[in-house]
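Take a look at the structure set out below.
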Amino acid sequence: FQEAAVNEAGERIRRMLLKDKMCLSEGYMRALKGDVNRLLSYYMTPAGECEVVVAPEGDGFSIKIKARAVGLKSVEAV
């Protein structure tokens with residue numbers, strides 16, 4: 001039990017330090033996710049909200065976006 005609690009606390013601290021290092025606030029991530037959702041909705045009919053994960057990678061950042069759509073919009077609609 002103690003080992004699991006220590007591991008969980010360590011993971012929380014790691015995530016907090018990572019957020020601090022990247023200087024990404026909750027508001028920033030909310031705005032980014034909203035912009036991505038809005039952009040995708042121009043081209044397709046989303047099946048819910050997208051997921052956006054930003055993580056440090058080398059001397060930059062890795063940005064992963066996961067989204068599902070139930071349909072694509074016609075070229076004329078775009």
Side-chain angles (χ1 to χ4, degrees):
F1 174 74
Q2 284 182 338
E3 186 176 332
V6 169
N7 288 340
E8 183 178 331
E11 181 60 25
R12 279 197 316 262
I13 290 171
R14 187 186 72 76
R15 283 194 308 263
M16 285 175 32
L17 291 173
L18 187 59
K19 271 186 167 180
D20 286 349
K21 179 180 178 184
M22 294 184 344
C23 299
L24 298 179
S25 68
E26 290 298 319
Y28 181 94
M29 289 303 294
R30 209 174 15 257
L32 177 59
K33 186 176 175 180
D35 288 347
V36 170
N37 280 315
R38 204 170 9 269
L39 175 67
L40 292 175
S41 71
Y42 291 135
Y43 298 96
M44 57 197 67
T45 305
E49 298 285 311
C50 70
E51 295 175 32
V52 179
V53 177
V54 179
E57 184 176 285
D59 60 351
F61 297 93
S62 165
I63 302 157
K64 296 181 183 178
I65 299 169
K66 182 178 178 182
R68 292 184 38 82
V70 294
L72 300 176
K73 294 186 178 178
S74 68
V75 176
E76 296 82 31
V78 175

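Predicted model only: the values in this text are computed from it and were never measured.
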### Query
Taking only residues two or more places apart in sequence, or in another chain, which ones meet Ser41 in a side chain to side chain contact (heavy atoms under 4.5 Å, CB included)?
Pro46
### Message
Please find the pair of heavy atoms, one from Asn37 and one from Cys50, that lie closest to each other, and give the distance.
### Response
OD1-N, 3.0 Å
### Residue pairs fulfilling side chain to side chain donor-acceptor pair (under 3.5 Å) with at least one residue in residues 61-70, sequence neighbours excluded
none
### Query
side chain to side chain contact (heavy atoms under 4.5 Å, CB included) with Asp35: which residues, sequence neighbours excluded?
Arg38
### Query
Which residues satisfy the side chain to side chain contact (heavy atoms under 4.5 Å, CB included) test with Ala31, sequence neighbours excluded?
none
### Task
With sequence neighbours excluded, tell me which residues meet side-chain hydrogen bond (donor to acceptor under 3.5 Å, both in side chains) with Glu57.
none
### Query
Who passes side-chain hydrogen bond (donor to acceptor under 3.5 Å, both in side chains) against Glu51, sequence neighbours left out?
none
### Those residues that, when tested against Leu72, pass side chain to side chain contact (heavy atoms under 4.5 Å, CB included) (two or more places apart)
Met44
### Query
Taking it one step at a time, do Val54 and Leu32 satisfy side chain to side chain contact (heavy atoms under 4.5 Å, CB included)?
CA-CA 10 Å; Val54 179; Leu32 177 59; 4.0 Å; yes
